[in-house]
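Written below as C-alpha cells is the structure these notes are about.
Computed from a prediction, not measured in an experiment: that's the story for all the values here. Letters A, B, ... mirror the listed sequences (proteins, then strands); counts begin at 1.
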There are 2 protein chains.
Amino acid sequence: MAADPSGLRARKKEQTRIALSWATIRLAVERGLANVRVEDIAAEVGVSPRTFNNYFASKGEAIADRELQRFRQFAAALRERPADEPLWPAITAAVLDRYALTGETDGGSVEEVDETARRRWVEGVRLMIAEPAVQRDLAAAYAAAEEQLAVAVAARTGTDVDRDMFPRLVAGAVGVALGTARQQWMRDQSVPIADLIVDALAQVAGGLPTP
Amino acid sequence: MAADPSGLRARKKEQTRIALSWATIRLAVERGLANVRVEDIAAEVGVSPRTFNNYFASKGEAIADRELQRFRQFAAALRERPADEPLWPAITAAVLDRYALTGETDGGSVEEVDETARRRWVEGVRLMIAEPAVQRDLAAAYAAAEEQLAVAVAARTGTDVDRDMFPRLVAGAVGVALGTARQQWMRDQSVPIADLIVDALAQVAGGLPTP
DNA sequence: AGGAAAAGTTGCGCGACACGCAAACTCCTG
DNA sequence: CAGGAGTTTGCGTGTCGCGCAACTTTTCCT
C-alpha cells in the first residue's frame with residue numbers, strides 16, 4: 001500500500017493521499033483546525049469531499065499521516081541496516097537517515113522563506129498540535145507505527161513480538177524519544193533537531209540516568 | 001478537579017463521572033462500541049444525554065478516563081514518596097502502590113466471577129481497545145497523564161520541564177512500560193500483571209539491553 | 001438564616017461528520 | 001479491445017459535538 005510501485009495507479013493514489021494530508025495541514029496551520037471543513041480540503045486538492053473520507057477517517061488522521069509515514073520509513077530504514085550492527089547505533093543511524101534529514105518544511109518547495117513567515121508557521125503548527133483532536137490521532141499514529149518498528153526490532157534481536165515485551169518497549173521508547181525531541185524543538189529552535197534526537201535516544205538507551 | 005474534596009458538590013460530580021465512564025466501558029465491552037449510543041449510556045446512569053458531553057467529548061474519552069485517573073493517582077503517589085529515594089525505585093513503588101493493587105475489574109463489586117465470564121470480559125476489553133476511536137483517546141489520555149508525571153519527576157530530580165527533555169523522557173518511558181505490560185497481560189494472563197510491570201520498568205530503567 | 005451568586009443540568013437546535021450504497025468512471029490485464 | 005478490478009463520486013442517513021438559554025441545586029456571604 002505504501003511502498004507499492006506496482007501500477008501507475010498506486011502512484012496516483014499515494015499522490016492524492018499526500019496532497020490531502022498536506023492540504024489539511026496547511027489549512028489547519030493557517031486558520032486553525034476548527035475553521036477548516038473537509039469540503040475546503042477536498043476543494044484544495046481538486047477532489048470530491050466524499051473521497052477525503054476514503055483516505056482518512058478524520059481531519060486529525062490526515063494531519064497525523066505525514067508523521068506516520070516518516071516513522072514508517074524509518075522503520076523500513078532500520079530493517080535495511082547491517083544485521084551485525086548493534087541495536088541502538090542502528091536505530092540512531094536509521095532515524096537520522098530517514099527522519100531528520102528530509103528538508104520538507106512546507107507543502108512542496110522548500111527554499112528559504114523569510115524568518116517571520118517561518119515563525120508564524122511553527123507557531124501555527126504548535127497550535128495545531130495542541131488541538132485535542134490532533135493529539136488523539138497523532139498519538140494513535142505513533143502507536144500504529146511503533147507496531148511496525150517493534151517487528152523490525154524483533155527481527156534484528158531475535159526476540160518474539162508476541163512473547164517478549166522487549167521489542168515493544170524499544171519501539172515505544174524510540175517513539176517517546178522522537179516525540180519528546182520534536183516537542184522540545186518546537187519550544188526552542190536554537191538547537192538543531194538532529195542533535196535533540198541523538199540526545200534523547202542516547203538518554204533512553206542509557207537507562208535514563210538522573211542528571 | 002480530580003482530588004478535590006472541597007465541596008459535597010464535587011463529590012457528586014466525580015461520582016457521575018465515574019459512573020458514566022464505567023457504564024460506557026461495560027456497554028462497549030458487551031455489545032461493541034459501535035452499538036452503544038450516548039443515549040444508552042446516559043440512560044444507564046440516569047442522566048441527560050446532553051450531560052454526557054458535559055463530562056466527555058466522546059465515548060472514547062469516557063472509556064480512557066479510568067486509565068487516565070489511575071495514571072494520575074500514580075503520579076500523585078510518586079509525589080508523596082520520600083524525596084531521597086532514588087528515582088526508579090520510587091517510580092516502581094508508586095506504580096505498584098496505586099496502579100496494580102486496585103482490584104477493580106468491573107463496574108462495581110469485585111468478587112469472584114466464574115472463569116468463562118472473566119474470559120469473555122477480557123476478550124471484550126481486547127476488542128474494545130482495538131477499536132481505533134478508543135486507541136486514539138487512550139493514547140491521548142496517556143499523553144496528558146504523562147505531562148503530570150513529568151512535572152513530578154522534574155520536581156524530584158531538580159530538572160526543568162521546560163528546558164530539559166529528561167522529565168518527559170522518563171514520563172514517556174514509564175507510560176510505555178505500563179502500556180506494554182498491560183498489552184502483554186491481555187495477551188497472556190498467566191503472569192501476574194504486577195510482575196510484568198516490574199519487569200518492564202526494570203528493562204526501561206536498565207537502558208533496554210538486548211536480551 | 002436567607003438570599004444572591006456560582007456551579008451544574010437539561011432541552012433545543014444546528015452544522016458537520018462518518019460511512020454505507022450504488023452508479024459512473026478509469027486503469028490494468030489478457 | 002473487451003472484460004473486470006479498482007476508484008471516485010453523489011446521495012442519504014444516523015450520530016455527534018457543542019453553543020445557547022432556561023432551570024435547578026449547592027455554596028457562600030452577611
Side-chain angles (χ1 to χ4, degrees), chain A residues 1-21 23-24 27-28 31-65 130-137 140-141, chain B residues 1-21 23-24 27-28 31-65 130-137 140-141:
Chain A
M1 184 205 279
D4 190 354
S6 65
L8 175 151
R9 197 168 204 153
R11 214 178 310 274
K12 190 88 181 171
K13 201 158 159 35
E14 203 57 17
Q15 223 168 357
T16 44
R17 179 188 198 80
I18 294 176
L20 282 171
S21 184
T24 310
L27 291 176
R31 344 176 172 160
L33 186 60
N35 304 321
V36 181
R37 15 222 117 277
V38 171
E39 190 187 346
D40 304 332
I41 305 165
E44 179 106 348
V45 179
V47 89
S48 152
R50 180 63 182 83
T51 295
F52 176 87
N53 280 322
N54 278 352
Y55 285 84
F56 303 110
S58 69
K59 286 176 280 182
E61 192 177 314
I63 292 173
D65 195 57
E131 205 87 27
V134 177
Q135 284 245 331
R136 274 198 273 280
D137 292 276
Chain B
M1 187 205 279
D4 190 355
S6 65
L8 175 150
R9 196 169 201 149
R11 215 179 310 275
K12 191 84 180 174
K13 200 155 157 38
E14 202 57 18
Q15 225 168 356
T16 43
R17 179 187 198 80
I18 294 176
L20 282 172
S21 184
T24 310
L27 291 176
R31 346 176 171 160
L33 186 60
N35 304 321
V36 180
R37 8 224 121 277
V38 171
E39 190 188 346
D40 304 332
I41 305 166
E44 179 107 347
V45 178
V47 89
S48 151
R50 180 61 182 84
T51 295
F52 176 88
N53 278 324
N54 278 352
Y55 285 85
F56 304 110
S58 70
K59 286 177 278 181
E61 192 177 314
I63 291 173
D65 195 57
E131 206 86 28
V134 176
Q135 284 244 332
R136 274 197 273 278
D137 292 277

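We find that NZ of A/K13 is positioned 14 Å from P of C/dC28, with the value rounded to whole Å. Here the P atom of nucleotide C/dA16 and the CD atom of A/E39 are 8 Å apart, to the nearest Å. B/F56 has its CZ atom 15 Å from the P atom of D/dC16, to the nearest Å. Atom CD in B/Q15 sits about 15 Å away from atom P in C/dG8, given to the nearest Å. B/N54 places its CG atom 13 Å from the P atom of D/dG17, with the value rounded to the nearest Å. Protein atom CZ of B/F52 is 18 Å distant from nucleotide atom P of C/dG8, rounded to whole Å. Following rounding to the nearest Å, B/R11 (CZ) and C/dA7 (P) show an atom-to-atom distance of 18 Å. D/dT8 atom C1' lies 16 Å from atom CZ of A/R17, rounded to whole Å.
Considering only the side chain of B/S48, C/dG11 comes nearest among C/dT9, C/dG11, C/dA16. Side-chain proximity of A/T51 to the nucleotides C/dC17, D/dC16, D/dT8 is greatest for D/dT8. Here the nucleotide nearest the side chain of B/K59, chosen from D/dC16, C/dA18, D/dG17, is D/dC16. Taking every side-chain heavy atom of B/T16 into account, C/dT9 is the closest of D/dC18, D/dT8, C/dT9. Minimum atom distance to the side chain of B/Y55 is reached by C/dG8, of the listed C/dA18, C/dG8, C/dA16. Comparing D/dT8, C/dC12, C/dT9 against the side chain of B/R50 picks out C/dC12 as the nearest.
Residues A/V36 and A/T24 fail the side-chain proximity criterion, which asks for heavy atoms closer than 4.5 Å. Counting only heavy atoms from C-beta outward, the side chains of B/I63 and B/E131 never approach each other to under 4.5 Å.
The phosphate of C/dA18 (OP1 or OP2) has a side-chain N or O of A/N53 nearer than 4.0 angstrom.
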Apply side chain to side chain contact (heavy atoms under 4.5 Å, CB included) to B/R17 and B/F56, showing your working.
CA-CA 9 Å; B/R17 179 187 198 80; B/F56 304 110; 3.7 Å; yes
Given the rule in the side chain to side chain contact (heavy atoms under 4.5 Å, CB included) test, do B/K13 and B/Y55 qualify, once you have shown the distances and angles that lead to the verdict?
CA-CA 9 Å; B/K13 200 155 157 38; B/Y55 285 85; 3.3 Å; yes
Walk me through whether A/T16 and A/T51 qualify under side chain to side chain contact (heavy atoms under 4.5 Å, CB included).
CA-CA 10 Å; A/T16 44; A/T51 295; over 6 Å; no
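Between A/A23 and A/I41, the shortest heavy-atom distance links the atoms CB-CG2, 4.0 Å.
Both tests do not hold together for A/K59 against A/F52: distance to the six-membered ring centre under 6.0 Å, angle to the ring axis within 45°.
Rounded to 10 degrees, the angle separating the terminal helix axes of the helix from C/dA1-D/dT30 to C/dG30-D/dC1, each built from five base pairs, is 40°.
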